[in-house]
Number of protein chains: 2
Amino acid sequence: MIEQSPSLLALLKQLQRVPYLASKNLFVVAQHFLDLDEQATEQFCRVLMNLKQYVEKCTECYSWKEKDKGCSYCTAPKRDKQVICVVENWRDLIALDKTGGYLGVYHVLGGALCPLDGIGPDELTIKQLVARVEKGCSELIFAFNQTPEGEATASYIAMKLKGKNVRISCLARGLPVGSSLEAMDRLTIYKALSERRPF
Amino acid sequence: MIEQSPSLLALLKQLQRVPYLASKNLFVVAQHFLDLDEQATEQFCRVLMNLKQYVEKCTECYSWKEKDKGCSYCTAPKRDKQVICVVENWRDLIALDKTGGYLGVYHVLGGALCPLDGIGPDELTIKQLVARVEKGCSELIFAFNQTPEGEATASYIAMKLKGKNVRISCLARGLPVGSSLEAMDRLTIYKALSERRPF
């Protein structure tokens with residue numbers, strides 16, 4: 001019966017494109033927007049439109065920044081510009097930065113290599129990363145997801161940087177904090193064992 | 001570092017209010033809106049604003065309808081206006097209607113009684129339901145969630161309708177289709193047993 005309401009259908013169609021809003025959640029979120037009053041809806045729309053007006057990608061690290069300000073990562077005086085942490089996307093950058101344990105700068109690739117999805121090296125900011133390394137950088141940290149795509153991307157970039165004077169490291173693999181051996185999958189335990197560290 | 005971008009902070013604050021978008025998902029959705037181009041963002045906003053302009057609550061069943069059209073449930077010629085299915089909210093109505101197994105009309109209460117959250121009978125469309133019953137209706141189906149609030153709402157409405165000539169029924173309780181006894185909680189099994197049906 002909902003087919004008879006073009007406004008509701010248009011809403012559902014828009015929400016379907018938003019990640020994490022599949023099937024059941026869709027209607028919960030639809031109800032949220034139906035329940036908002038006109039003023040609150042206008043405010044929500046203003047915030048979205050402001051993104052397009054005031055936010056852009058940093059031309060150095062390809063994270064998001066305010067248009068009229070310097071990038072909060074690249075221009076931070078406390079951050080070591082000699083250490084670049086390479087991440088697949090902005091969300092991974094946020095996750096790493098929230099730990100508070102990293103004080104270098106970042107490089108957002110914009111995804112991982114995935115030929116099947118049509119994502120080759122030219123779709124990512126790999127060239128720009130190589131250029132940054134050539135300008136001078138002491139260490140590159142690969143902080144990719146533990147997926148075939150993440151590993152392929154790491155291998156590809158390492159190959160591109162062969163012969164360049166830069167140390168490359170990657171995130172440690174092993175047991176998550178608080179995990180029990182019993183509940184963990186075999187491959188993780190195997191990696192934790194083979195990549196064991198001195199105590 | 002994200003604190004330095006007021007546009008991004010405003011976006012996160014808006015998304016935090018959307019149900020199902022807690023903590024981690026927040027950034028996935030934020031990235032979705034950051035990645036949208038200006039045209040797509042405008043379209044999304046237009047759809048939201050159209051809701052306020054073209055959608056309103058039906059004054060009969062309190063579901064949503066297009067302003068210039070009749071309610072797709074109340075005005076459907078095939079639906080039996082003598083049978084009213086009472087639901088807590090619009091999402092429950094959609095879930096019921098999707099089954100295709102119900103051909104009566106609906107009544108959306110707008111929630112369930114919950115004194116602790118400040119939701120009393122006056123916050124719901126209970127008076128309007130009683131008025132509908134008084135205008136004539138043969139059966140009322142309570143399709144509430146299996147929660148204390150849902151059950152309290154059912155009891156309250158039943159009390160309000162005492163003495164009125166209307167049959168009241170409620171959804172069957174028991175084992176979900178495809179479920180195994182082993183995996184089901186004790187109370188569900190007890191209810192399925194005590195409310196068993198002839199085979």
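Below, read A as the first sequence line, B as the second, and so on, with proteins coming before strands; counting in each chain starts at 1.
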Shortest non-hydrogen contact from B:H32 toward A:R17: CE1-O, 3.1 Å
Chain A interface, residue from B:L36, B:N50, B:L15, B:V18 that has the most non-hydrogen pairs under 4.5 Å: B:V18
Distance in Å, A:L34 CG paired with B:R91 CZ, rounded so as to fall on 0.5 Å steps: 11.0 Å
Residue pairs involving residues 153-169 of chain B (criterion salt bridge (Lys or Arg N to Asp or Glu O under 4.0 Å); sequence neighbours excluded): B:E134-B:K164, B:E139-B:R167
Residue part contacting chain B, namely of A:Q53, when any heavy atom lies under 4.5 Å: neither
Same apolar cluster: B:L96 and B:I157, side chain cutoff 4.5 Å: no
Flag if over 12 foreign heavy atoms under 6.0 Å of CG, A:N165: no
Part of A:K98 within contact of chain B (heavy atom distance under 4.5 Å): side chain
Contact summary for A:L8 and B:E66, nearest pair of heavy atoms: N-OE2, 4.1 Å
Cluster link B:V166 to B:V130, ILVMFWY, side chain under 4.5 Å: yes
Spacing of B:M49 atom CE and A:T41 atom OG1 [to the nearest 0.5 Å]: 6.0 Å
Spacing of B:S5 atom OG and A:K67 atom NZ [to the nearest 0.5 Å]: 12.0 Å
Considering all heavy atoms, the nearest B:V55-A:S7 contact: CG2-CB, 3.5 Å
Joint hydrophobic cluster, A:F142 plus A:V87, side-chain heavy atoms closer than 4.5 Å: no
Shared hydrophobic cluster for B:Y62 and B:L140 (ILVMFWY, side-chain gaps under 4.5 Å): no
Shared hydrophobic cluster, A:I141 / A:M159 (ILVMFWY, side-chain heavy atoms < 4.5 Å): no
Option that, when pairs with chain B are counted at under 4.5 Å, heavy atom only, ranks first among A:K57, A:Q31, A:K69: A:Q31
Interface residue of largest heavy-atom contact number with chain A, from B:F33, B:Y54, B:W64, under 4.5 Å: B:W64
Listed once per pair and sorted, the salt bridge (Lys or Arg N to Asp or Glu O under 4.0 Å) pairs that draw on residues 35-56 of chain B, sequence neighbours left out: B:E56-B:K65
Spatial distance of atom CZ (B:F44) from atom CG (A:L48) [nearest 0.5 Å]: 6.0 Å
